[in-house]
Q: 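Attaching a single structure in structure tokens format; questions to follow.
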Amino acid sequence: MLEVEGISSGYGQIGIVRNCSFNVSRGEIVAILGHNGMGKTTLLRTIMGHLPTKQGRIRYDGEEITALAVHQRARRGLSIVPQGREIFPGLTVRDNIRMGLFKRKAHENETIEGLVNQMPRLRPLLDRVGGTLSGGEQQLLAVARCLATAPKLILLDEPTEGIQPSIKDELAEIFLGIRNRRTITVLLVEQNLDFVNALADRVLLIQKGHITQELDRVALNSADLISEFLGFGKAKSEADGLRGS
């Protein structure tokens with residue numbers, strides 16, 4: 001589904017992602033773990049097309065998309081839930097979801113109904129302005145807007161950052177359903193190891209913008225192993241949060 005081959009990118013002359021390579025198969029959930037500043041968010045933004053690829057290539061669903069614009073990638077089924085959510089604060093929840101329906105106008109009502117059935121916390125909020133929601137509610141809205149696009153591949157950046165435990169559980173249920181159905185491929189950047197361990201089929205470690213190692217989910221239960229590669233154990237990661245990318 002996704003093939004990243006030796007890509008490099010960054011901001012201006014500042015290189016962040018360096019000669020990065022990995023694959024994600026159709027229907028997988030693959031997580032990326034790493035310290036702050038190791039290039040996790042930059043990598044997702046490069047795959048989505050928000051940042052140019054300076055070297056290497058990106059193939060998606062059998063097509064090279066390295067030079068395609070963001071909207072061209074979106075039309076092919078890529079979608080991103082960015083760190084910080086980036087909803088439209090002046091629009092209602094309903095209209096925020098509508099913003100994700102550019103490909104599916106004929107099915108607007110059915111799509112919104114299906115999404116609020118999946119995320120019932122959003123139903124009573126449909127006519128509320130997005131900027132008045134809690135951080136966790138905004139994250140659910142960002143996920144709903146993403147799913148409204150009928151994505152084939154979701155890039156998910158720090159979805160549990162700064163939200164209450166009950167909504168973390170709701171997000172886990174949503175993506176467990178996706179994982180069990182294998183209908184959508186997910187590339188996940190996340191520091192909550194319990195969340196990663198519940199969802200991910202594989203885990204990639206990133207250091208200085210380069211994928212250095214692959215772990216299976218079982219390895220995440222080893223505090224010593226995680227400490228060796230990332231400098232934090234399972235309990236410490238939950239407490240510290242390791243926010244930022």
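Heavy atoms only: backbone and side chains are in, while hydrogens, waters and symmetry mates are out.
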Q: So do L171 and F195 actually touch side chain to side chain, heavy atoms under 4.5 Å?
A: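 Yes, close enough: below the 4.5 Å cut-off.
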Q: So, taking the atom named CZ in R98 and the one named OG1 in T92, what distance separates them when rounded to the nearest 0.5 Å?
A: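 Here the rounded value is 6.5 Å.
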Q: Using salt bridge (charged side-chain N to carboxylate O under 4.0 Å, His left out) as the criterion, list what pairs up with E190, not counting sequence neighbours.
A: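 Scan of E190 (salt bridge (charged side-chain N to carboxylate O under 4.0 Å, His left out), adjacent residues dropped) gives none.
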Q: Taking side chain as C-beta onward, heavy atoms only, is R202 less than 4.5 Å from E28?
A: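 Yes - at least one pair of side-chain heavy atoms lies under 4.5 Å apart.
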Q: Determine whether Q83 and L44 satisfy the following criterion, side chain to side chain contact (heavy atoms under 4.5 Å, CB included), listing intermediate values before the conclusion.
A: CA-CA 10 Å; Q83 187 178 28; L44 293 192; over 6 Å; no
Q: I want to check something: taking the side chain as every heavy atom from C-beta on, are I211 and V4 in contact at a cut-off of under 4.5 Å?
A: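 Side chain of I211 against side chain of V4, heavy atoms only: no contact under 4.5 Å found.
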Q: Tell me which pairs pass salt bridge (charged side-chain N to carboxylate O under 4.0 Å, His left out) where either residue lies in residues 135-156, with sequence neighbours left out.
A: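 Sorted pair list: D61-K152.
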Q: Taking it one step at a time, do R76 and L153 satisfy side chain to side chain contact (heavy atoms under 4.5 Å, CB included)?
A: CA-CA 9 Å; R76 285 161 171 76; L153 171 63; over 6 Å; no
Q: Report yes or no: do E64 and T66 form a side-chain donor-acceptor pair below 3.5 Å?
A: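 Indeed, the side chains of E64 and T66 share at least one donor-acceptor pair under 3.5 Å.
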Q: Kindly determine whether V81 and Q139 satisfy side chain to side chain contact (heavy atoms under 4.5 Å, CB included), including the steps that lead there.
A: CA-CA 9 Å; V81 181; Q139 186 64 277; 3.4 Å; yes
Q: I'd like to check I58 versus L2 (side-chain heavy atoms, cut-off strictly below 4.5 Å). Are they in contact?
A: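 Of all side-chain heavy-atom pairs linking L2 with I58, at least one is under 4.5 Å.
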Q: Quick check: does any side chain N or O of K40 sit under 3.5 Å from a backbone N or O of I206, one acting as donor and the other as acceptor?
A: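 Such a contact is absent between K40 side chain and I206 backbone.
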Q: Between D157 and R45 (salt bridge meaning N to carboxylate O under 4.0 Å), is one present in this structure?
A: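 No, D157 and R45 are not salt-bridged.
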Q: Would you kindly confirm whether I87 and V129 end up in one hydrophobic cluster when ILVMFWY residues are joined by side chain heavy atoms under 4.5 Å apart?
A: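 I87 and V129: separate clusters.
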Q: Evaluate the side-chain proximity of K168 to D194: yes if any heavy-atom separation is below 4.5 Å, no if none is.
A: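 No - every pair of side-chain heavy atoms lies 4.5 Å or more apart.
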Q: Any side-chain heavy atom of L101 sitting closer than 4.5 Å to one from I112?
A: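 L101 vs I112: side chains touch.
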Q: In Å and rounded to the nearest 0.5 Å, what is the CD1 to CD1 distance from I178 to I184?
A: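 So the CD1 of I178 and the CD1 of I184 are separated by 4.5 Å.
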Q: So, R59 and E5, do they make that salt bridge, N to O below 4.0 Å?
A: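 Between E5 and R59 there is no salt bridge, as every charged N stays at least 4.0 Å from the carboxylate O atoms.
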Q: Can a donor-acceptor pair be found, under 3.5 Å and without considering hydrogens, that links the side chain of S21 to the backbone of G6?
A: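 Here the side-chain-to-backbone pair exists.
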Q: For a 4.5 angstrom cut-off between non-hydrogen side-chain atoms, does F88 reach M99?
A: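 Yes, their side chains come closer than 4.5 Å.
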Q: Drop me the distance from L140's CG to L115's CG, to the nearest 0.5 angstrom.
A: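 Interatomic distance, L140 CG to L115 CG, rounded to 0.5 Å: 11.0 Å.
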Q: When you compare the side chain of P159 with that of F175, does any pair of heavy atoms fall below 4.5 Å?
A: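 Answer no - side chains too far apart.
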